[in-house]
Amino acid sequence: MQQGPYERYVLRRVWGPDSIRLLESARRLHEQTLAQRAMNHLAGGPKGGSTPAA
């Protein structure tokens, strides 16, 4: 389903016009969280769990 135009079409049909922006925002946030966890791991920061947002 994650095939660019087809994915956007399905999301719009199922969840409405804001769904694409919401999904892209969630993906960016997920990538940022993974990057932050990787940096914490490399720096010897807290293990596991999520860190609170500042």
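All values below were derived from every heavy atom in this structure, side-chain atoms included, with hydrogens, water molecules and symmetry-related copies excluded. The structure presented is a predicted model; accordingly, all values stated were derived computationally and were not measured.
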Q: Just verifying a value: how many Å separate Met39 CE and Leu34 CG, rounded to the nearest 0.5 Å?
A: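 So the gap between those two atoms works out to 13.5 Å.
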Q: Identify every side-chain donor-acceptor pair in residues 12-22 under 3.5 Å, counting partners at least two apart or on other chains, and give the distances.
A:
unit_1 : atom_1 : unit_2 : atom_2 : d
Asp18  : OD1    : Arg21  : NH2    : 2.6
Ser19  : OG     : Leu11  : O      : 3.0
Ser19  : OG     : Gly16  : O      : 2.8

Q: Nearest 0.5 Å, what's the CD-CD distance between Gln36 and Gln32?
A: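 Nearest 0.5 Å value for the CD-CD distance: 9.5 Å.
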